Undergrad: 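Here it is: the structure, laid out below.
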Amino acid sequence: MGCNAERAAGVLRAGAATVAEHKTELTELDRAIGDADHGENLDRGFAAVLAALDAGVPETPGAVLKVAATTLISKVGGAAGPLYGTAFLRAATKLGDASELDAAAVAAGLRAALDGVVARGKAEVGDATMVDALEPAVEAAERAHADGENVAAVLTAAADAAKEGADSTVPLTARKGRASYLGERSVGHADPGATSTALLLRSFAEASR
Amino acid sequence: MGCNAERAAGVLRAGAATVAEHKTELTELDRAIGDADHGENLDRGFAAVLAALDAGVPETPGAVLKVAATTLISKVGGAAGPLYGTAFLRAATKLGDASELDAAAVAAGLRAALDGVVARGKAEVGDATMVDALEPAVEAAERAHADGENVAAVLTAAADAAKEGADSTVPLTARKGRASYLGERSVGHADPGATSTALLLRSFAEASR
Amino acid sequence: MKKIINDPAAVVAESLRGLEAAHADLVRVTYDPNHVVRADAPVSGKVAVISGGGSGHEPLHTGFVGAGMLDAAVPGPVFTSPTPDAVQAAVAATTGHAGALLVVKNYTGDVLNFETAAELAAAEGLDVRSVVIDDDVAVADSTFTAGRRGVGGTVPLEKIVGAAAARGDGLDAVEALARRVVGQVRSIGVALSPPTVPHAGEPSFDLGEDEIEFGIGIHGEPGRERIAAEPADALVERMITAVIDDLPFAEGDDVLLLTNSMGGTPPMETYLAHGIAERLLADRGIRVTRRLVGPYVTSLEMQGISLTLLRMDDELTELWDAPVHTPSLRWGA
Amino acid sequence: MKKIINDPAAVVAESLRGLEAAHADLVRVTYDPNHVVRADAPVSGKVAVISGGGSGHEPLHTGFVGAGMLDAAVPGPVFTSPTPDAVQAAVAATTGHAGALLVVKNYTGDVLNFETAAELAAAEGLDVRSVVIDDDVAVADSTFTAGRRGVGGTVPLEKIVGAAAARGDGLDAVEALARRVVGQVRSIGVALSPPTVPHAGEPSFDLGEDEIEFGIGIHGEPGRERIAAEPADALVERMITAVIDDLPFAEGDDVLLLTNSMGGTPPMETYLAHGIAERLLADRGIRVTRRLVGPYVTSLEMQGISLTLLRMDDELTELWDAPVHTPSLRWGA
Ligand SMILES: Nc1ncnc2c1ncn2[C@@H]1O[C@H](COP(=O)(O)OP(=O)(O)O)[C@@H](O)[C@H]1O
Ligand SMILES: Nc1ncnc2c1ncn2[C@@H]1O[C@H](COP(=O)(O)OP(=O)(O)O)[C@@H](O)[C@H]1O
Ligand SMILES: [Mg+2]
Ligand SMILES: [Mg+2]
Ligand SMILES: [Mg+2]
Ligand SMILES: [Mg+2]
């Protein structure tokens, strides 16, 4: 079963709902090792994405992601805005103007998103950033696709790996973003961006079933 | 038994010791209905009086009180500084250059002090100020003197009445000084200046025994 | 209590050392008794404008010493009036045959100590007058209180009177102008948190997480009432109404609006409150022609703001606009 | 949390309304996306100097818009970088063929968002450069962190670069000057109490009654270490040593000293700290030739101070002294 523009919009709406629901939790994580705004920032952005999609869903999944990208870039701010914006923008570009996405496209889109985040933020796995969730997610998605899984299963594999990746940031010393100012004091806390990445992928997976 | 300059200085030293001992308590009273500095103000002043007396005790009790007066005026500040300063100054003037004080002089000195405070501060009994302690103290001193009591007994009578007068400020609404800004909220608190007046008179009485 | 201080007893003098180091071009500081005079004092032939009061309200008054404003400021201990000898020293350092005006905030301690100093100066043949400012509408002016307190209105008073003295007005004129300003300036303050006096070490009052002290004084003295915390729109409306109704200010009036931080309230909130006050005044047809926003009369680290309105006319506007060059107020120079 | 605000989500825009009302002669405010430009923008033929960042640090940057300093400021949400579209709007309102310099504090969010805006502006044929300031010595600059943060040094940087642009320097020269200033300015901050972000509603960190956060960032990010509360003499010595040792500053240097209140620390303590810093610098043979004392880079109501040293020379001194007329910094005008 493929994924058309309406489904893509539905997936983003689910992402927005998840962000709204976990807003306080994300901000709390950011309070511990950052500046207590990650949930607020993302929610401001995804609420705007919702509004943009309510105003009209574009023709293709790629175009839907592009709307999300430009909206996030202009509304989220902070570190996460340009990073998530770049992720969606690169994925949108990768998807081109296909009217339906298959599992291969989803895996390739995720890979493009990861490449964009790394190009901008220069973080590696182990720096305790969203990359720690996104990179294993991409790898899991690619494996699932190689195993012949469908879109929902690919996204579920990504979400599972992202969750594990986010959890793996807890014992790490942050080396990028605000949390890096804490040095060893960042140990013992999950990275907010990695956590939001895992939550978003989980909601995408569920909405794509 | 009269009171010479040395004894007068001893009486003031006892006052300084009392103020130092009750500094925190007086500041606490002032915190409740004023600006939390009465103990601090008085202690700064009386410490300076001590230093002045240590540098040399003048010849007469009146001159001793005059040193106290000018020191208090220049060191205490706030409302209490000019008021206590005036009180000691008027008492000093009243005592003139007598080398010994008797009970009559003490009673007259106290009356002059009260008149000075009232002239400056325009407070009446019932306004919840130091006048509520000083005025009954003066009256009690005059009665004791009329009854033929000696200096120590006159001062003891004054101290007893001052203590009662200070306590009587508790249920009053302050009408002068900072505490008056509180309106009815000043009810239920002893006036700091009345309390310090009572404490000083008690220490004078004890030191004059 | 956490403060950036050494010994609580030395806090005023040590803070003056910093003022002196930072503004040696503008002020000269003398210690014990503490007083701050303009670097070029005495200015010959000019009426000296002198103010003072307890410390802890900076920049009032020490930050306003300089050309076009105060000739001297006399900082007392924290929240405690300076003593007459300190005022006298400031008079001596600044006052010649043109005389001096003492600007005194209406607190029993300040009034008594400055009064004593004025008497002493008169005894030395100097023409020294006092004007008492009592602009705080929180306190009903009745025989049942020590009278209204002097608060935020002190800033425009000192600026305007300072400008008049700078342009060469004589003592009679300067004194009359001061009384005129006092007659048409009104203020109100609120506190969200208490100040802590260094030597006391404890907050001056307790305020619940949902309470605001409405009508606070600048020493943390309580005001009209304790109200429940409310949005800025409602709070500023309550404040501005109290001020307007008091004088009263009326439609068609031109006013100077001072939105003052009490110390702990940061610029973001102070400007936010200012914006609301401007809107409310416009709604009432009162024209804000001059304004000042920031921490000008503080109460240590107390969080809160005050609003001051001064009815303006051409003369006051000209004097307000005149050049001023002090550590904390500067324009035209 | 007690603040003088209405809706936490509206706090930045509502505060800007107050700024606009108070300083209509100096600045023009546009909302959504929020940006503040000087009233006479665009100034033809002049390099535009633009800065911005999260709100809550006022007067930085909005209070520094005006003649001789910034052409535009772009205030993001509280403690959150503005988005590229807002920066772009400020560029569009101020920038002509002379180009623009973006002054960016080194935070991942600011760098990424301003970088994106600069790319967009370049795509429209404008010559827009960025300089990143990272003066905070609290954070070791290594591959293990996002690098030093931009803090108090931003104020002299913006003043000096603004003066260079005002006297007609071209973009190459302005950019080179900016990099030179960045190379010789260093800062350190301490916090005695945390700030509370309005929409978060809770203090950004917990600090015991006897603890000081040494090396605090301006968003309440932690610094080098948590130390026991200590007297001002010891604390300021610890701070000044950290700053001096870093560049390092040396005997014989001329410096500008900025003693900055983080918002909740009142003038009394800020001046007190300033006095100590001046004394310690004199002891080390470092000559303070220019100074600024007060709340210039705040962190909401956080109590604390920061110290900034900039090594001065004749050119920087001349540019520092050049006239400036903004809401929060004004001289020679
Ligand atoms: N250089 C980077 N590369 C990848 N992710 C980053 C980088 N810097 C920060 N992040 C992510 O951004 C998150 C913080 O986002 P947010 O709180 O919205 O922004 P800010 O830190 O500007 O307030 C971090 O938890 C981290 O996952
Ligand atoms: N007008 C007055 N007449 C008599 N006593 C007064 C008057 N005003 C204030 N006082 C006394 O002064 C005391 C306060 O002294 P203090 O705290 O040292 O000064 P301040 O109020 O200036 O801080 C009050 O408790 C009261 O007894
Ligand atoms: Mg954050
Ligand atoms: Mg008192
Ligand atoms: Mg007092
Ligand atoms: Mg942020």
Side-chain angles (χ1 to χ4, degrees), chain C residues 2-7 11-12 14-22 55-56 58-59 63 78 190 192-193 209-210 212 229 231-233 235-236 259 263-276 278-279 288 291-295 298 300-301 303-305 327-328 330-333, chain D residues 2-7 11-12 14-22 55-56 58-59 63 78 190 192-193 209-210 212 229 231-233 235-236 259 263-276 278-279 288 291-295 298 300-301 303-305 327-328 330-333:
Chain C
K2 268 194 288 187
K3 289 179 187 284
I4 300 172
I5 61 173
N6 293 306
D7 174 8
V11 70
V12 171
E14 291 192 45
S15 183
L16 289 175
R17 297 232 177 259
L19 183 84
E20 184 181 23
S55 289
E58 294 70 29
V78 174
V190 297
L192 277 63
S193 73
E209 177 56 32
D210 287 323
I212 288 177
D233 281 339
L235 182 64
V236 174
T259 303
T265 288
M268 169 173 277
E269 295 169 51
T270 313
Y271 273 110
L272 190 147
H274 179 78
I276 298 168
E278 290 245 12
R279 177 165 53 71
V288 180
R291 57 271 289 175
L292 192 64
V293 184
T298 61
L300 296 171
E301 70 278 73
Q303 285 182 295
I305 55 168
S328 299
R330 177 174 182 178
W331 54 74
Chain D
K2 269 196 287 188
K3 288 179 187 286
I4 300 173
I5 61 171
N6 292 305
D7 176 6
V11 69
V12 172
E14 290 191 46
S15 183
L16 289 174
R17 296 230 179 265
L19 182 84
E20 185 181 21
S55 289
E58 292 71 25
V78 175
V190 297
L192 277 62
S193 74
E209 176 57 31
D210 287 323
I212 288 179
D233 281 338
L235 182 64
V236 174
T259 303
T265 288
M268 169 173 278
E269 294 169 52
T270 314
Y271 272 111
L272 189 145
H274 179 78
I276 298 169
E278 291 244 13
R279 177 164 51 72
V288 180
R291 55 273 287 174
L292 192 65
V293 184
T298 62
L300 297 170
E301 69 280 72
Q303 287 183 294
I305 55 167
S328 299
R330 179 174 182 179
W331 53 75

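Labels below follow one simple rule: chain letters A, B, ... track the order of the sequence lines, proteins then strands, and each chain is numbered from 1. Bear in mind that the values here come from a model prediction, so they are computed numbers and not experimental data. The analysis underlying the following values was restricted to heavy atoms, covering all of them including side chains, and did not include hydrogens, waters or symmetry mates.
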Undergrad: Just so I understand: if I count every heavy-atom pair under 4.5 Å between each of D:Gly264, D:Ala21, D:Gly304 and chain C, which residue has the most?
TA: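 With the most close heavy-atom pairs to chain C, the winner is D:Ala21.
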
Undergrad: Starting at CZ of D:Arg330, measure out to CH2 of C:Trp331 and round the result to the nearest 0.5 Å.
TA: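 Here the interatomic distance stands at 7.5 Å.
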
Undergrad: When rounded to the nearest 0.5 angstrom, what is the spacing between NE2 in C:His274 and CD in D:Glu14?
TA: 14.0 Å

Undergrad: Taking all non-hydrogen atoms of both residues into account, name the closest pair between C:Pro267 and D:Ser15 and its distance.
TA: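 That closest heavy-atom pairing would be O-OG, 4.3 Å.
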
Undergrad: Report which part of D:Thr259 has an atom under 4.5 Å of a heavy atom belonging to chain C: side chain, backbone, both, or neither.
TA: neither

Undergrad: Would you say C:Val12 and D:Met268 make side-chain contact, with heavy atoms under 4.5 Å?
TA: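 The answer is yes; the side chains approach within 4.5 Å.
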
Undergrad: Under a 4.5 Å cutoff for heavy-atom pairs, which residue among D:Ile5, D:Val11, D:Asp210, D:Thr265 has the most contacts with chain C?
TA: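 Of the options given, most contacts go to D:Ile5.
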
Undergrad: Taking D:Glu209, D:Arg17, D:Glu301 one by one, which has the highest count of heavy-atom pairs under 4.5 Å against chain C?
TA: D:Glu209

Undergrad: Partners of D:Arg291 by salt bridge (charged side-chain N to carboxylate O under 4.0 Å, His left out), sequence neighbours excluded?
TA: D:Glu278

Undergrad: Partners of D:Gln303 by side-chain hydrogen bond (donor to acceptor under 3.5 Å, both in side chains), sequence neighbours excluded?
TA: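 Only D:Ser193 meet the side-chain hydrogen bond (donor to acceptor under 3.5 Å, both in side chains) criterion with D:Gln303.
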
Undergrad: D:Ala22 versus chain C, heavy atoms under 4.5 Å apart: side chain, backbone, both or neither?
TA: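 Both parts, backbone and side chain.
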
Undergrad: I'd like to know which of C:Pro266, C:Gly56, C:Gly275 tops the heavy-atom pair count under 4.5 Å against chain D.
TA: C:Pro266

Undergrad: Does any non-hydrogen side-chain atom of D:Tyr271 lie less than 4.5 Å from one of C:Pro327?
TA: yes

Undergrad: Going by side-chain contact (heavy atoms from CB on, under 4.5 Å), C:Ile4 matches just one of D:Thr270, D:Leu192, D:Ile276, D:Ile212. Which one?
TA: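 Answer to the side-chain contact (heavy atoms from CB on, under 4.5 Å) test with C:Ile4 among D:Thr270, D:Leu192, D:Ile276, D:Ile212: D:Leu192.
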
Undergrad: Shorter than 4.5 Å, heavy atoms on both sides: which option in D:Arg279, D:Glu58, D:Lys2, D:Glu20 has the most such pairs with chain C?
TA: D:Lys2

Undergrad: Is a side-chain N or O of C:Glu269 found less than 3.5 angstrom from the main chain of D:Lys3, in a donor-acceptor match?
TA: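 Absent.
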
Undergrad: Which one wins on heavy-atom pair count under 4.5 Å against chain D: C:Ile305, C:Val78, C:Thr298, C:Val288?
TA: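 Of the options given, most contacts go to C:Ile305.
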
